[in-house]
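Keep in mind that the numbers below use all heavy atoms, side chains included, and drop hydrogens, waters and symmetry copies.
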Amino acid sequence: MRTAICPGSFDPVTLGHLDIIGRASLLFNKLIVTVSRNPIKNPLFTIEERVEMLKEVLEPYHNVEIDTFDGLTVNYAIKNKAIAVVRGLRVISDFENEFRMALTNKKIACHIETIFLMTKAEYSFINSTTVKEVAAFGGSVRGLVPHQVEQRLKDKFKTSLKI
């Protein structure tokens, strides 16, 4: 069985993420979407909320599982017998950092490949940070995130504005 992982913070999941996950799910028997517990980042949504959102929006994909992890992505891949790590690229500036990580992972585990998928052009400008900023100032995030996530962003910022 060909298993791959698709790691990320998914804070929140965007239509760009869904584009990459959907296409990657066609390439592997099993795709594990892994939500990272990165102590350096200060996420808007808890890890439980991010997993819940992913479960909602990825329900139609029968070969996709959702999990969480700490530490190095490559170690998670080894533990789960993955043959590849799938990474999405939006713009050329993404490539340098992703390339560096891929080479580091290859040094640690030479049997695990990194697969880069370019997002569709209509999603190339979307990132979670921008989505959160637009939502925080009351802007519309329709067309940037799934509708379930749009509602959660509205609820999250409505709650934070009351405080």
Item to complete: Quick one: pull up NE2 in H147 and CG in L15 and give me the separation to the nearest 0.5 Å.
Response: 11.0 Å
Worksheet entry | Distance-only polar pair, side chains of R87 and T114, donor-acceptor under 3.5 Å | no
Discussion item. More than 12 heavy atoms of other residues, nucleotides or ligands under 6.0 Å from CD of E133: yes or no?
Written reply: no
Discussion item. Once rounded to the nearest 0.5 Å, what's the spacing between atom CD1 of I66 and atom CD1 of I21?
Written reply: 8.0 Å
Worksheet entry | Shared hydrophobic cluster, I112 / F99 (ILVMFWY, side-chain heavy atoms < 4.5 Å) | no
Fill in: Which atom of L44 lies closest to which atom of E49, heavy atoms considered
O-OE1, 4.4 Å
Worksheet, complete the sentence: When rounded to the nearest 0.5 Å, the distance separating OG1 of T34 from CG of D70 is 11.0 Å
Discussion item. What I want to find out is whether R100 reaches E96 closely enough, with some N-O distance under 4.0 Å, to be called a salt bridge.
Written reply: yes
Worksheet entry | salt_bridge(D11, K132) N-O dist < 4.0 Å | yes
Practice prompt. For Y76 and D67, test the side chains for any donor-to-acceptor distance below 3.5 angstrom and give the result as yes or no.
Written response: yes
Worksheet entry | Pairwise ring-ring contact (aromatic ring centres under 6.0 Å, His included) hits with a residue in residues 3-33, at least two apart | F10-H17
Discussion item. To the closest 0.5 Å, what do you measure between CD (E65) and CG (L31)?
Written reply: 9.0 Å
Practice prompt. Write down the atom of G143, the atom of I126, and the distance for their closest heavy-atom approach.
Written response: O-CD1, 4.1 Å
Worksheet entry | Closest approach of Y61 to G22 (non-hydrogen atoms, all atoms of both residues) | CE2-CA, 3.6 Å
Worksheet item: Under 3.5 Å, side chain of T119 to main-chain N/O of R90, donor-acceptor pair present?
Response: no
Discussion item. F125: which residues meet the ring-ring contact (aromatic ring centres under 6.0 Å, His included) condition with it, sequence neighbours left out?
Written reply: none
Worksheet entry | By salt bridge (charged side-chain N to carboxylate O under 4.0 Å, His left out) - contacts of E52 (at least two apart) | R152
Worksheet item: For the hydrophobic clusters of this structure (ILVMFWY residues joined by side-chain heavy atoms under 4.5 Å, transitively), does one cluster hold both L27 and V85?
Response: no
Worksheet item: At their closest point, which heavy atom of V35 faces which heavy atom of S9, and how far apart are they?
Response: CG1-O, 3.7 Å
